[in-house]
Amino acid sequence: MKITEVREARVSIASDIANAYIDFSRMDASVVAIHTDVIRHGKPVIGYGFNSNGRYAQSGLLQERFIPRLREASADAVVDHTGENLDPFKIWDILMANEKPGGHGERSVAVGVLDMAVWDVVAKVEDRSLASVLADRYGDGTQDATVPVYAAGGYYYPDDALGRLQAEMRDYLTMGYTATKMKIGGVPLAEDLARVEAAIEVVGDPACLAVDANGRFDTAAMP
């Protein structure tokens, strides 16, 4: 198999929300597509990856360093021992070639976008879910029937803050989530406590609500 193209696009995810440190008025993210010559269900296999919100697009790092390394790698250098699928670990070594160890910072976000796309290719080539692939490779082949997850949100809104927060928490419960997370640390403590109480009114059990201060608090700020 071969990688035939690697594409990256900067996509706006701007909104009026904010956390304890930043607002999202100019927030964007990188979306990557890794094209291959493998055909499944009558179409070429394409793997997709993207970075999480709050990190900004990684276009510079991707376009100037990491994507060129992947494009320049030989076909043999990126595939596994069968020659029929990509090897994520060999590709990781290619991406990190000539990089100083440690201090990854934004670099890890950029490489992570490509890593996600590579694993997407791996699963699609095998025509299975990634969960099934990982269970076979790194477990006993049995997928977990359920995986605990929470819905992360609860950002600060410029208006109707408590109403919008409660509506968001209600939406998560409607979608089937039983645990949620909200942002704190961006307003005075009394205001944050009121927000937490408002969220608990909707979620019900305080143990089902997590909070994220985004590193705003230090020991001096703790009561």
Side-chain angles (χ1 to χ4, degrees), residues 3-36 45-73 77-78 85-125 129-131 133-134 137-138 147-156 168 180-186 210-218:
I3 293 175
T4 58
E5 181 57 284
V6 184
R7 300 176 182 174
E8 185 267 346
R10 181 188 297 265
V11 179
S12 174
I13 54 171
S15 69
D16 61 359
I17 63 174
N19 63 27
Y21 269 107
I22 62 173
D23 66 62
F24 284 65
S25 59
R26 296 186 178 183
M27 186 58 60
D28 53 16
S30 284
V31 178
V32 161
I34 297 180
H35 296 244
T36 74
V45 169
I46 303 174
Y48 297 97
F50 58 91
N51 64 275
S52 61
N53 66 341
R55 301 318 195 266
Y56 292 102
Q58 303 296 310
S59 300
L61 289 171
L62 285 163
Q63 296 286 1
E64 296 168 14
R65 278 161 50 192
F66 298 114
I67 290 178
R69 290 172 188 162
L70 187 53
R71 284 177 176 154
E72 293 164 5
V78 301
N85 209 337
L86 298 182
D87 185 321
F89 298 98
K90 288 169 68 174
I91 290 176
W92 184 278
D93 288 339
I94 289 168
L95 297 176
M96 294 298 290
N98 210 33
E99 293 284 332
K100 181 180 179 182
H104 293 312
E106 293 290 274
R107 183 175 68 186
S108 63
V109 181
V111 174
V113 177
L114 290 166
D115 194 48
M116 182 188 295
V118 169
W119 279 107
D120 193 30
V121 169
V122 169
K124 287 175 177 175
V125 168
S129 70
L130 181 56
V133 172
L134 295 177
R137 294 191 181 191
Y138 306 109
V147 178
V149 298
Y150 61 81
Y155 288 83
Y156 292 100
E168 182 182 350
T180 64
K181 186 177 79 170
M182 61 179 286
K183 300 296 183 179
I184 62 170
V211 295
D212 182 356
N214 290 109
R216 171 61 73 179
F217 294 150
D218 57 22

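Sequence positions, counted from 1, serve as the residue numbers for this chain. From a predicted model like this one, the values you see are computed outputs, not experimental measurements.
- Among all heavy-atom pairs drawn from S129 and A123, the shortest one is C-CB, 4.1 Å.
- The heavy-atom pair separating W92 from V111 by the smallest distance is CZ3-CG1, 3.4 Å.
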Which side-chain N or O atoms in residues 112-122 pair as donor and acceptor under 3.5 Å with protein atoms at least two apart or in another chain?
from : atom 1 : to   : atom 2 : distance (Å)
D120 : OD2    : Y48  : N      : 2.8
D120 : OD2    : K124 : NZ     : 3.0

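- Using a 4.5 Å cut-off on side-chain heavy atoms (C-beta onward), L86 and V125 make no contact.
- Atoms CG and CD1, from N19 and I184 in turn, are 11.5 Å apart once rounded to the nearest 0.5 Å.
- Qualifying salt bridge (Lys or Arg N to Asp or Glu O under 4.0 Å) partners for K90, counting only residues two or more places apart in sequence or in other chains: none.
- To the nearest 0.5 Å, atom CZ of residue R107 and atom CZ of residue R65 are 6.5 Å apart.
- For N53, the side chain to side chain contact (heavy atoms under 4.5 Å, CB included) criterion is met by I13, F24, Y155, not counting sequence neighbours.
- Shortest non-hydrogen contact noted between I46 and A33 is CG2-CB, 3.9 Å.
- Residues satisfying the side chain to side chain contact (heavy atoms under 4.5 Å, CB included) criterion with A14, sequence neighbours excluded, are S12.
- Interatomic distance, CD of Q58 versus CD of E64, reported as 11.5 Å (0.5 Å rounding).
- For Q63, the side chain to side chain donor-acceptor pair (under 3.5 Å) partners at least two apart in sequence or on another chain are E8.
- Residue pairs meeting the salt bridge (Lys or Arg N to Asp or Glu O under 4.0 Å) criterion with at least one partner in residues 48-57, sequence neighbours excluded, are absent.
- Taking the salt bridge (Lys or Arg N to Asp or Glu O under 4.0 Å) definition, one finds that E5 meets it with R71, sequence neighbours left out.
- Separation of atoms CZ (F89) and CD1 (I94) is listed at 13.5 Å; rounding is to 0.5 Å.
- The shortest side-chain heavy-atom distance between M27 and I22 falls under the 4.5 Å cut-off.
- Counting all heavy atoms, side chain and backbone alike, A110 lies closest to L61 at CB-CB, 3.9 Å.
- Heavy atoms from other residues, nucleotides or ligands lying under 6.0 Å from OH of Y56 number more than 12.
- The list of salt bridge (Lys or Arg N to Asp or Glu O under 4.0 Å) pairs with a residue in residues 12-31, not counting sequence neighbours, reads R10-D28, D16-R164.
- Applying the side chain to side chain donor-acceptor pair (under 3.5 Å) test to R7 and every residue at least two apart in sequence or in another chain returns nothing.
- Atom OH of Y150 has 12 or fewer heavy atoms from other residues, nucleotides or ligands within 6.0 Å.
- Of all non-hydrogen atoms in G186 and Y156, the two that sit nearest each other are N-OH, 2.8 Å.
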